[in-house]
Number of protein chains: 2
Amino acid sequence: MAKVKISDVAREAGVSLGTVSNALNHPEKLRPETLKLINETINRLGYLPNQSARQLAGGATKSFGLVLPRLDHGFSLQIASGAHNEARKHGYDLLIANADNDDILEDHYLRYFMGTQMSGVMVQPMAFPDWHPAMTKMPVPIVHLDIHCSEPGYYVAADNEAQGRIIAELAIARGAHHIVVVGRAAFMQLTLRVLGIHKALALHPDIKIEVIDAGEWNTAADGYGIGNQIAERPADERPDFVVGLTDVLASGVVSALVDKGISVPGQVRVAGCDGNPLAWSGSVPLTTVAPPGYEIGRKGIQLLMEQIENKAPTKTKHIHVSSAARTVTAVTAIEDINRQELVRPFLLERASTQASSQTDATAINLGAYL
Amino acid sequence: MAKVKISDVAREAGVSLGTVSNALNHPEKLRPETLKLINETINRLGYLPNQSARQLAGGATKSFGLVLPRLDHGFSLQIASGAHNEARKHGYDLLIANADNDDILEDHYLRYFMGTQMSGVMVQPMAFPDWHPAMTKMPVPIVHLDIHCSEPGYYVAADNEAQGRIIAELAIARGAHHIVVVGRAAFMQLTLRVLGIHKALALHPDIKIEVIDAGEWNTAADGYGIGNQIAERPADERPDFVVGLTDVLASGVVSALVDKGISVPGQVRVAGCDGNPLAWSGSVPLTTVAPPGYEIGRKGIQLLMEQIENKAPTKTKHIHVSSAARTVTAVTAIEDINRQELVRPFLLERASTQASSQTDATAINLGAYL
DNA sequence: CTGAAAGCGCTAACAT
DNA sequence: ATGTTAGCGCTTTCAG
């Protein structure tokens, strides 16, 4: 129980405290034999450097914090994975906190990380983040994932316009003549998807496109309703390709269609648009466009590194300003950068749009999400 | 960038430094109005307590560390989830580190957490852990997950014997007359599974049981080989139920059987035994017995709490023993407890053993792993 | 409630 | 190459 500390090691090894510290932080400065002696002593005593003390004294930490909204979604895990690999590559540790769908917890961990003198923090914010203006000008580099935003800050997100474009291109490739886009473009993201679809289709004036902007919440039930409506049309007015702005919507459409005896993908192909894993679970595995979590995580760390490196000059080295003059508002010196990185999503084609039936749909899923 | 510190808050709020500290740690000791004033100032200045300093000064941390071997396996995520919820319930934070299948990293994070003055640390060790004897008597409560071990320490794992028993009971329920158990019981875990199977079957002397202990690595290829061998037997010597000691093995068996034109589960039912998600991806979704990750995570935190509470008396409060006498070997005072908790696994029945074909196999998967 | 002061264990100068 | 020392920011006394 008695904690072994650096001075114990020094005493036991018969060297000075500073030497042990050097053995830990600048081993190259020691004579190999001294180093060896010290390391042996460290192991013998089971000494563990007190990280808190190191950080307090040293400043830097060489570790990043990542706050995730949940751990049960492949996308977040991909982010964690990409972030971790990139961080290790730069010699940094990555600590992950699970906000568990709770925005208070999210905030809590965010502050915790910033207070731990992490070198940087990343967060995949919960839906509709309510930015503390303070957050923006925090003393620690921070990157927001999976979200676009015009506020100053660093953001990495999937390219929603590309998401739409990709799905439209698939429709074209599958020989669609009449496409119906389903869903209420209530948020920026969805609007961008619609935009992408239109852009891709602009090159194909022969293809008929129709947007059904019904329902308010983009629920599966909304999708089901729209699917029903489509099913009841005379065959020649029926689309041959339906795009759901979200996968939930699309899967509702599939259910309705199948219930009405319309074959998917035989008579109508259906695709979602956001890589939601639930897309596996329906009766017909749903084609979708998944955001590349791994890349987003990687990119996020890269932006963190960038901030760290640019900021390097800011050496606050023992500048003993008179206490009175220390007006904290000097903080505004931070440039109000807005940096947004978009990462291209990728197509996950499954049974709901396939030309011929294939059996390996599940394998594809696993590759993408596990 | 200039970090706001507690003294800044004190000055701005016109109170003393100690009062701000109290506002943070013992708010009940302050007059409500002072508290409010201080909190406002804290927000206004964007003050973030330096966690490193707090820990250094205060000792405790109210947070746990969890080292996971990987983030891409449902089991580990379940652990994380269960651990997180239980930790929050006790008012603790949970920080997760991903060792990424690298035992050096695992060790690194373990030490990191211990050095961070975490209140406790949990680890789901990589296969074949090579216990540092030191680890056992660390200054921080530690719990090992997903592993049995007779070394002193705290362990929470799935009940492997139950795992075998459950699968055997399923076989019985499905009317098996001739069961083949496939796999090399190379490790304790697998041996226990076999034991469980035998125990369950002991009550049914009419059922024929056969163990094929082939291959050395329990690979899918091994399973395939055994599957082939089974397929080639005359129909009356062929088992009607095959249990793979691991899912990988079982899926190899399924492949071989199907390739030889033997229907699964029509002619032969096959089940795995360890809840590996890959069990979804084969041509026939595989029945398996999954370890209850969530429960294991929960239980782990409970053991941590237990250690913390028992250890409470150990107040090392400023006992200024003479430096010379401070022999570190006093550590041995820790009782060499060996505490093992077993958690019962649960059956995930899928197509490979089902009586009638069902379609919701995927839904079951999602429920279990996402 | 204030003010002052003693550390917590370590790092990074600065000497030697 | 090694020893010495001044903090890092905070929590806790303890006496007003």
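Numbered from 1 within each chain, the chains take letters A, B, ... in sequence-line order. Being a predicted model, the structure only gives us computed values, none of them experimental.
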Check whether [X] reaches the backbone of [Y] with its side chain - one donor and one acceptor, N or O, closer than 3.5 Å.
| X | Y | answer |
| --- | --- | --- |
| B/His90 | B/Met305 | no |
| A/Glu86 | A/Gln302 | no |
| B/Ser81 | B/Leu77 | no |
| A/Tyr109 | B/Leu94 | yes |

Given atom [atom1] of [X] and atom [atom2] of [N], what is their separation to the nearest angstrom?
| X | N | atom1 | atom2 | answer |
| --- | --- | --- | --- | --- |
| B/Asn22 | C/dT2 | CG | C1' | 11 Å |
| B/Lys29 | D/dC14 | NZ | C1' | 13 Å |
| B/Leu17 | D/dC10 | CG | C1' | 8 Å |
| B/Ile42 | D/dG9 | CD1 | P | 16 Å |
| A/Ile38 | D/dT2 | CD1 | P | 8 Å |
| B/Gln55 | C/dC10 | CD | C1' | 14 Å |
| A/Arg11 | C/dG9 | CZ | P | 13 Å |
| A/His26 | C/dC14 | NE2 | P | 14 Å |

Margin query: I'd like to check B/Asn39 versus B/Lys36 (side-chain heavy atoms, cut-off strictly below 4.5 Å). Are they in contact?
Written below: no
Next item on the list: Scan side-chain atoms only and decide if A/Asp102 and A/His108 contain a donor-acceptor pair under the 3.5 Å cut-off.
Entry: no
Notebook entry, point to check: Heavy atoms under 4.0 Å, any strand shown: does A/Leu30 hit a base, just sugar-phosphate, or nothing?
Noted result: sugar-phosphate
Note to self: So B/Ser52, base contact, sugar-phosphate only, or nothing? Heavy-atom distance under 4.0 Å.
What the structure shows: nothing
With respect to the side chain of [X], which nucleotide from [options] is positioned closest?
| X | options | result |
| --- | --- | --- |
| B/Asn25 | D/dG3, C/dT11, D/dT12 | D/dT12 |
| B/Ala57 | D/dT12, C/dG7, C/dG3 | C/dG7 |
| A/Thr34 | D/dC10, D/dG3, D/dT2 | D/dT2 |

Taking 4.0 Å as the cut-off, does a side-chain nitrogen or oxygen of [X] come that near to OP1 or OP2 on [N]?
| X | N | answer |
| --- | --- | --- |
| B/Ser21 | D/dC10 | no |
| B/Asn50 | D/dC10 | no |
| A/Thr19 | D/dG3 | yes |

Margin query: Please compare B/Leu56 and B/Arg31 by the position of their nearest nucleotide in DNA chain C and report the one closer to 5'.
Written below: B/Arg31
Checklist line | Upstream residue (5' side of DNA chain D) when A/Glu28 and A/Gly18 are each assigned their closest nucleotide | finding: A/Glu28
Check: Parallel, tilted or perpendicular for B/Phe64 and B/Tyr92, by the 30°/60° rule?
Finding: parallel
Note to self: For A/His144 and A/Tyr155, take the angle between the two ring planes, folded into 0 to 90°, and tell me which bin it lands in: parallel under 30, tilted 30 to 60, perpendicular over 60.
What the structure shows: parallel
Notebook entry, point to check: To the nearest 10 degrees, what angle separates the axes at the start and end of the helix from C/dC1-D/dG16 to C/dT16-D/dA1, five pairs each?
Noted result: 30°
